[in-house]
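This report concerns only the one structure given below.
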Amino acid sequence: MANSFDRIYAVVKKIPRGTVASYGQVALLAGNPRWARVVGYALHANPDPEGIPCYRVVTKDGRTSPAFAFGGADIQRALLEADGIEFTEDGRVDMAKYGWTGLG
DNA sequence: GGCGTGACTTATA
DNA sequence: ATATAAGCCACGC
């Protein structure tokens with residue numbers, strides 16, 4: 001049972017390649033702008049890492065959390081770069097350029 | 001159902 | 001810009 005989780009998973013799975021979405025964005029698209037924490041929890045559970053690219057989900061700063069190392073902080077960057085996403089010297093993603101608006 | 005915690009976000013100091 | 005505080009929802013005990 002995971003009404004909220006299923007929503008979140010569905011949204012995260014819908015994130016197109018080459019784009020990233022913030023927790024708040026996913027939460028909002030999921031139907032609730034307050035699910036930011038739940039989104040993190042849902043990704044933490046990550047029951048389908050092959051269908052749920054948690055690495056495409058970052059904070060509103062386009063940054064990742066210090067504990068986000070689901071396999072290595074560098075892993076996330078590598079995966080995003082593999083999608084064609086560029087990183088700033090701050091190690092952040094250009095949300096204005098790669099920030100997924102959910103429009104497709 | 002209550003308590004504590006969390007891969008978040010916003011507001012205040 | 002860093003540090004606190006509050007809010008939201010879900011999970012585990």
Side-chain angles (χ1 to χ4, degrees):
Chain A
M1 188 49 178
N3 289 351
S4 344
F5 273 39
D6 280 352
R7 289 283 183 201
I8 294 163
Y9 295 145
V11 174
V12 176
K13 283 194 230 178
K14 278 150 75 164
I15 298 175
R17 171 176 156 293
T19 52
V20 298
S22 65
Y23 290 88
Q25 190 62 48
V26 174
L28 187 72
L29 294 168
N32 295 4
R34 267 74 119 173
W35 281 359
R37 289 181 102 135
V38 183
V39 171
Y41 210 100
L43 294 175
H44 171 58
N46 199 0
D48 186 3
E50 296 182 7
I52 303 172
C54 42
Y55 63 88
R56 283 189 196 149
V57 185
V58 298
T59 66
K60 70 191 202 80
D61 285 333
R63 238 327 253 151
T64 45
S65 192
F68 196 120
F70 50 80
D74 294 336
I75 301 301
Q76 202 247 7
R77 175 166 175 163
L79 291 168
L80 292 176
E81 287 188 322
D83 278 358
I85 297 172
E86 299 176 31
F87 271 74
T88 70
E89 52 186 76
D90 285 341
R92 300 191 311 204
V93 181
D94 189 344
M95 298 303 284
K97 194 175 181 63
Y98 301 102
W100 183 47
T101 51
L103 304 175

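Chain identifiers are assigned alphabetically (A, B, ...) following the order of the sequence lines, protein sequences preceding nucleic acid strands; residue numbering begins at 1 within each chain.
Between the CG atom of L28(A) and the P atom of dT9(B) there is a distance of 12 Å, rounded to whole Å. Following rounding to the nearest Å, L43(A) (CG) and dA7(B) (C1') show an atom-to-atom distance of 7 Å. The OH atom of Y9(A) sits 14 Å away from the P atom of dA7(B) (whole-angstrom rounding). For the pair I15(A) CD1 and dA7(B) C1', the computed distance is 14 Å after rounding to whole Å. Rounded to a whole Å, the CZ atom of R77(A) is 20 Å from the C1' atom of dA7(B). For the pair Y23(A) OH and dC8(B) P, the interatomic distance rounds to 6 Å; values are reported in whole Å. Following rounding to the nearest Å, N32(A) (CG) and dC9(C) (P) show an atom-to-atom distance of 7 Å. At whole-Å resolution of the value, CD1 in I8(A) and P in dA7(B) are 15 Å apart.
Residue whose closest nucleotide on DNA chain B sits further toward the 5' end, between Y41(A) and G24(A): Y41(A).
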Inset, instruction - Run the numbers on V58(A) and R63(A) for side-chain contact (heavy atoms from CB on, under 4.5 Å), then give the verdict. - result: CA-CA 6 Å; V58(A) 298; R63(A) 238 327 253 151; over 6 Å; no

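Here the separation of dA7(B) from dC13(C), taken at their C1' atoms, is 22 Å to the nearest Å.
Minimum interatomic distance between L28(A) and P33(A) (heavy atoms only, all atoms of both residues): CD1-CB, 3.6 Å. Of all the heavy atoms in W100(A) and K14(A), the pair that sits closest is CZ2-O, 3.7 Å. Nearest heavy atom pair, residue P47(A) against residue I52(A), reads CD-CD1, 4.0 Å.
Remark: C54(A) SG to I8(A) CD1 distance equals 13.0 Å, nearest 0.5 Å. From I15(A), atom CD1 reaches atom OH of Y55(A) across 9.0 Å, with rounding to the nearest 0.5 Å. Between Y9(A) atom OH and S4(A) atom OG the span is 10.0 Å, to the nearest 0.5 Å. How far OG1 of T64(A) is from CZ of R77(A): 10.5 Å, rounded to the nearest 0.5 Å.
Nearest to the side chain of S4(A), among dC9(C), dG6(B), dA7(B), sits dC9(C).
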Are there any protein N/O atoms within less than 3.5 Å of an N/O atom in nucleotides 5-7 of chain C, and if so, which ones and at what distance?
from   : atom 1 : to     : atom 2 : distance (Å)
dG7(C) : O6     : R37(A) : NH1    : 2.2
dG7(C) : N1     : R37(A) : NH1    : 3.1

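Considering L79(A), L43(A), D83(A), V26(A) in turn, D83(A) is the only one that fulfils the side-chain contact (heavy atoms from CB on, under 4.5 Å) rule with R56(A).
Contact annotation: S65(A) side-chain N/O to dC8(B) OP1/OP2 distance is under 4.0 Å.
Contacts between residues 47-64 of chain A and DNA chain C, defined by a heavy-atom separation below 4.0 Å, involve no residue at all.
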